[in-house]
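These notes concern the structure reproduced below.
FYI, side chains are in, hydrogens and waters are out, and symmetry mates aren't considered; it's all heavy atoms of this structure. By convention here, the first residue in the shown sequence is residue 1.
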Amino acid sequence: LLLQMLLRADTEEERQVIISDLVTTNEKATQLIEHLLNSSRVSHQPIKLQPIPLYQAVAGTIAEMSLLITQRQIDFTLEGDETALVMADKNLLHLLTINLIENAVKFTPMGGAVTVAVTPSGPMWLLSISDTGPGIPEAKRQAVFQRFYRVDTPSVEGTGLGLSIVSEIIARLHGRIQLKTPATGHGLLVEVSIPKG
């Protein structure tokens, strides 16, 4: 439809508006396809469990997202035990951390804060991601792990697949995930437990 409108556009201004819409639509479709492919890979691809340094893996993900973090002026903190080793699949762990950290950054308002911590928890390592965004109402916290479910946040683009993918990864890594409210009383605290390596 947009391509047909582009062909019929009378002015350069109209053409530029339509081209901008095309780019946006293409980016959304690409993101959806990428998430669907990731979901399929998580469910069916063989995994290779090995000891992986969790703190360094998270630091690498944060570095990948540094441009978005800077653009949104997020006060980002990574703390905890740098010696943490988890038994995980390298690709799945990366997909897990990128989804969770990207969510925290996207849902945190400009100038907000995100804190990531790596701490021991019995036979597990606990990865905690706390943000100052709108949070998720307690009644909806289980629903967000379903495919295509989105909390009502029209200002944030998404496919509704991120936390579904995270849930599948955690199941394959024999871990656990909990969504909570941070001690400050607002925002979202995501706690992921992964077996020690």
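A donor-acceptor pair under 3.5 Å is formed between the side chain of Thr108 and the backbone N or O of Ala104. Side-chain atoms of Ser66 come within 3.5 Å of backbone N or O of Ala63 as a donor-acceptor pair. Not one N or O on the side chain of Arg72 forms a donor-acceptor pair closer than 3.5 Å with the backbone of Gly111. Asp131 places a side-chain N or O within 3.5 Å of a backbone atom of Leu188 that can act as its donor or acceptor partner.
Looking at Leu78, Ile98, Thr77 one by one, the single match for side chain to side chain contact (heavy atoms under 4.5 Å, CB included) with Ile62 turns out to be Leu78. Tested against Leu54, the residues Val192, Leu93, Leu85 include a single side chain to side chain contact (heavy atoms under 4.5 Å, CB included) partner, Leu93.
Note that the CD1 atom of Ile170 and the CD atom of Gln178 stand 10.5 Å from one another [nearest 0.5 Å]. Interatomic distance, OG of Ser193 versus CE of Met124, reported as 5.5 Å (0.5 Å rounding). The CD1 atom of Ile47 sits 6.0 Å away from the CG atom of Leu173 when rounded to the nearest 0.5 Å. Met110 CE to Gln73 CD: the interatomic distance, rounded to the nearest 0.5 Å, is 4.0 Å. Note that CE of Met65 is 10.0 Å distant from CD1 of Ile74, once rounded to the nearest 0.5 Å. Atom CG of Leu96 is separated from atom OG of Ser167 by 10.5 Å, given to the nearest 0.5 angstrom.
Contact check for Asn91 versus Lys48: no side-chain heavy atoms found under the 4.5 Å cut-off. A 4.5 Å side-chain heavy-atom check between Val86 and Leu127 finds every atom pair outside the cut-off. Side-chain contact between Val166 and Ile177: present, with at least one pair of heavy atoms (C-beta onward) separated by less than 4.5 Å. By the 4.5 Å heavy-atom criterion applied to side chains, Phe76 and Thr115 are not counted as neighbours. Residues Leu189 and Ile129 fail the side-chain proximity criterion, which asks for heavy atoms closer than 4.5 Å. Proximity of Asp75 to Val114: side-chain heavy atoms (C-beta onward) are nowhere separated by under 4.5 Å. Counting heavy atoms from C-beta on, the side chains of Glu64 and His94 come closer than 4.5 Å. Contact annotation: the side chain of Leu163 approaches that of Asn103 to within less than 4.5 Å [non-hydrogen atoms, C-beta and beyond].
Listed here is the closest heavy atom pair of Gly133 and Pro109: CA-CD, 3.8 Å.
For the side-chain contact (heavy atoms from CB on, under 4.5 Å) test, residues two or more places apart in sequence or in another chain that qualify with His186 are Thr132, Thr184. Scanning for side-chain contact (heavy atoms from CB on, under 4.5 Å) contacts around Thr83 gives Asp81, with sequence neighbours left out.
No path of Ile, Leu, Val, Met, Phe, Trp and Tyr side chains, each step under 4.5 Å between heavy atoms, connects Met5 with Val17, placing them in separate hydrophobic clusters. At a threshold of 4.5 Å between side-chain heavy atoms, the hydrophobic network of Ile, Leu, Val, Met, Phe, Trp and Tyr places Leu179 and Leu126 in two separate groups. Connection of Ile18 to Leu1 is established within a shared hydrophobic cluster, with ILVMFWY side chains joined at heavy-atom distances below 4.5 Å, either directly or through further cluster members.
Residue pairs meeting the salt bridge (Lys or Arg N to Asp or Glu O under 4.0 Å) criterion with at least one member in residues 6-23, sequence neighbours excluded, are Glu12-Arg15. Listed by first and then second residue, the side-chain hydrogen bond (donor to acceptor under 3.5 Å, both in side chains) pairs that reach into residues 120-129 come to none, sequence neighbours excluded. Residue pairs meeting the salt bridge (Lys or Arg N to Asp or Glu O under 4.0 Å) criterion with at least one partner in residues 82-101, sequence neighbours excluded, are absent. Residues in residues 184-196 take part in these salt bridge (Lys or Arg N to Asp or Glu O under 4.0 Å) pairs, two or more places apart or across chains: Lys180-Glu191.
In Arg141, the CZ atom is crowded: over 12 heavy atoms of neighbouring residues, nucleotides or ligands sit closer than 6.0 Å. Counted within 6.0 Å of CD on Gln16, heavy atoms from surrounding residues, nucleotides or ligands total more than 12; the atom is thus considered enclosed.
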